[in-house]
Peer 1: 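Questions regarding the structure given below will be posed in turn.
Values below: every heavy atom of this structure, side chains too, minus hydrogens, waters and symmetry copies.
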Amino acid sequence: MPARYAPILFGFILSALMSLLVSGIATFRNAGLADGFLAAWIGAWLPSWLIAFPVVLVVAPIARRLVGVLVKAPAPASR
């Protein structure tokens with residue numbers, strides 16, 4: 001895959017993993033490990049991912065800029 005697609009691939013993977021974890025925790029807290037847990041989890045995860053992926057693509061550059069403002073730049077290395 002060409003390097004120019006790295007930010008999109010990053011957002012794709014990040015949104016998939018985060019929405020998978022969050023929906024799994026929320027499903028477990030609401031339903032427990034009852035019969036049909038996996039189906040309920042996947043049923044909650046897929047719509048969440050459909051929302052999370054474009055949100056990550058929009059929010060990630062804003063978060064990067066905010067981090068850049070909040071973090072001091074490293075001092076130049078001296079010899």
Side-chain angles (χ1 to χ4, degrees):
M1 180 172 284
R4 69 176 184 245
Y5 295 115
I8 295 170
L9 183 59
F10 177 82
F12 184 81
I13 293 169
L14 177 67
S15 64
L17 294 174
M18 290 302 297
S19 60
L20 181 72
L21 289 169
V22 170
S23 64
I25 291 167
T27 303
F28 176 75
R29 289 190 50 126
N30 286 309
L33 285 176
D35 289 340
F37 170 78
L38 195 56
W41 182 4
I42 298 302
W45 171 58
L46 286 175
S48 299
W49 190 13
L50 290 175
I51 293 167
F53 178 48
V55 168
V56 163
L57 294 180
V58 170
V59 173
I62 297 167
R64 264 188 227 105
R65 273 184 251 136
L66 183 58
V67 168
V69 168
L70 296 173
V71 173
K72 289 180 7 178
S78 59
R79 293 185 179 200

Peer 1: What pairs of residues pass the side-chain hydrogen bond (donor to acceptor under 3.5 Å, both in side chains) test when at least one of them lies in residues 56-65, not counting sequence neighbours?
Peer 2: none
Peer 1: Enumerate the side-chain hydrogen bond (donor to acceptor under 3.5 Å, both in side chains) contacts for residues 8-21, please, sequence neighbours excluded, ordered by first and then second residue.
Peer 2: Ser15-Trp49, Ser19-Trp45
Peer 1: Mind checking what makes side chain to side chain contact (heavy atoms under 4.5 Å, CB included) contact with Leu17, not counting sequence neighbours?
Peer 2: Ile13
Peer 1: Going by the side-chain hydrogen bond (donor to acceptor under 3.5 Å, both in side chains) test, which pairs reach into residues 2-11, not counting sequence neighbours?
Peer 2: none
Peer 1: Tell me who clusters with Val58, hydrophobic residues only, linked when side chains sit under 4.5 Å apart either directly or through other members.
Peer 2: none
Peer 1: Of all residues at least two apart in sequence or in a different chain, which pass the side chain to side chain contact (heavy atoms under 4.5 Å, CB included) check with Leu70?
Peer 2: Leu66
Peer 1: Do the side chains of Ile25 and Leu38 join up, straight or via other hydrophobic residues, at under 4.5 Å, putting them in one cluster?
Peer 2: no
Peer 1: Identify, with sequence neighbours excluded, every residue that meets side chain to side chain contact (heavy atoms under 4.5 Å, CB included) alongside Ile51.
Peer 2: Val55
Peer 1: Tell me whether Val22 is reachable from Val59 by hopping between hydrophobic residues (I, L, V, M, F, W, Y) whose side-chain heavy atoms are closer than 4.5 Å.
Peer 2: no
Peer 1: Sort and list the pairs that fulfil ring pair (Phe, Tyr, Trp, His ring centres under 6.0 Å) and have at least one residue in residues 50-69, not counting sequence neighbours.
Peer 2: Phe12-Phe53
Peer 1: If you group Ile, Leu, Val, Met, Phe, Trp and Tyr whenever their side-chain heavy atoms sit less than 4.5 Å apart, what else falls in with Val56?
Peer 2: Phe10, Leu14, Met18
Peer 1: With sequence neighbours left out, which residue pairs that include part of residues 26-41 fulfil the side-chain hydrogen bond (donor to acceptor under 3.5 Å, both in side chains) condition?
Peer 2: Ser23-Trp41
